[in-house]
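Because only heavy atoms are used, hydrogens play no part in the values below, and waters and symmetry mates are left out as well, while side chains stay in.
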Amino acid sequence: AQAWSGLAGALAAQAVYGYAPPQTVFPRAKQAALRALELDPELAQAHAALANSLGLLGIYSNHPSAANAPARAEQAAYKALALDPSLSDAHGALGNVLRMSERPGAEEQFKRALELNPNRIELQEARKLLGPAGSGVLPGLTGAAADRAGRAAALAGRDPEKALAL
């Protein structure tokens, strides 16, 4: 379950940072997160990965599964927090959901995520880039955040198609 959850995050990173087309990658990221939840429905990390995948799917894709993605992303983020309130990724996922829906609270969620895990450079960048949801999710990453995104994309790029077929 942990591996599927990690794959979901790596696939989403590929699309967010421009390494793969969002309309094809976000449905696969969602599929990987759902597979993780089939194996372990109580895995908070998988719920956080699902929240991010669904939220990004709703922004970047016209895929049919994106129709009610924002509402499902919010549910998944809150479920992740209910399972593990100390999970940095869950707070980051909720921050992304709130940011994308242009609702208050994103800054607080990103701040809490960073308190729990100060090494989350992409969340530091997200806090700097808070703005309208239509402007894109985490655009213009530079430095260490871009390096981390590149590493995540490279890991997922080893063969995500085969990984999802397992």
- [ ] Output the distance between atom CE (Met100) and atom CG (Leu54), rounded to the nearest 0.5 Å.
- [x] 9.5 Å
Task: Heavy-atom pair of closest approach, residues Ala49 and Ala8 - done: CB-CB, 4.0 Å
Task: Side chain proximity check, Leu94 to Leu81, heavy atoms < 4.5 angstrom - done: yes
Open item on the list: Using only atom types and a distance under 3.5 Å, with no angle test, would you say the side chain of His91 pairs donor to acceptor with the backbone of Ser86?
Closed with: no
Task: CG on Asn52 to CZ on Phe26, rounded to 0.5 Å - done: 9.5 Å
Open item on the list: The criterion is salt bridge (charged side-chain N to carboxylate O under 4.0 Å, His left out); which residues satisfy it with Glu115, sequence neighbours excluded?
Closed with: Arg112
TODO: Report the distance from atom CG of Asp84 to atom CG of Leu116, rounding to the nearest 0.5 Å.
DONE: 9.0 Å
TODO: Find the distance between CG (Asn117) and OG (Ser88) and round it off to the nearest 0.5 Å.
DONE: 4.5 Å
- [ ] Please round to the nearest 0.5 Å and tell me the distance separating atom CG of Leu34 and atom CH2 of Trp4.
- [x] 11.0 Å
Open item on the list: I want to check something: taking the side chain as every heavy atom from C-beta on, are Glu74 and Lys79 in contact at a cut-off of under 4.5 Å?
Closed with: no
Open item on the list: Test of understanding: with salt bridge (charged side-chain N to carboxylate O under 4.0 Å, His left out), list the residues that count as partners of Glu38, not counting sequence neighbours.
Closed with: Arg35
Task: Smallest separation among heavy atoms of Ala33 and Ala46, with atom names - done: CB-O, 4.0 Å
TODO: Looking only at non-hydrogen atoms, find the nearest pair between Gly92 and Ala113 and report the distance.
DONE: N-CB, 3.8 Å
- [ ] Taking all non-hydrogen atoms of both residues into account, name the closest pair between Val97 and Ala77 and its distance.
- [x] CG2-CB, 4.5 Å
Open item on the list: With heavy-atom distances below 4.5 Å as the criterion, would you say the side chains of Gln14 and Leu11 are in contact?
Closed with: yes
Open item on the list: Can you give me the closest heavy-atom contact between Ala73 and Gly55, atom names plus distance?
Closed with: CB-N, 3.5 Å
Task: Check: Pro41 main-chain N/O paired with His47 side-chain donor or acceptor under 3.5 Å - done: yes
Task: Backbone of Ala1 reached by a side-chain donor or acceptor of Ser5 within 3.5 Å - done: no
TODO: Calculate, to the nearest 0.5 Å, the distance between atoms CD and CG belonging to Glu107 and Leu98 respectively.
DONE: 11.5 Å
Open item on the list: Side-chain heavy atoms nearer than 4.5 Å, only ILVMFWY residues, links allowed to pass through others: does that put Leu83 and Leu39 together?
Closed with: no
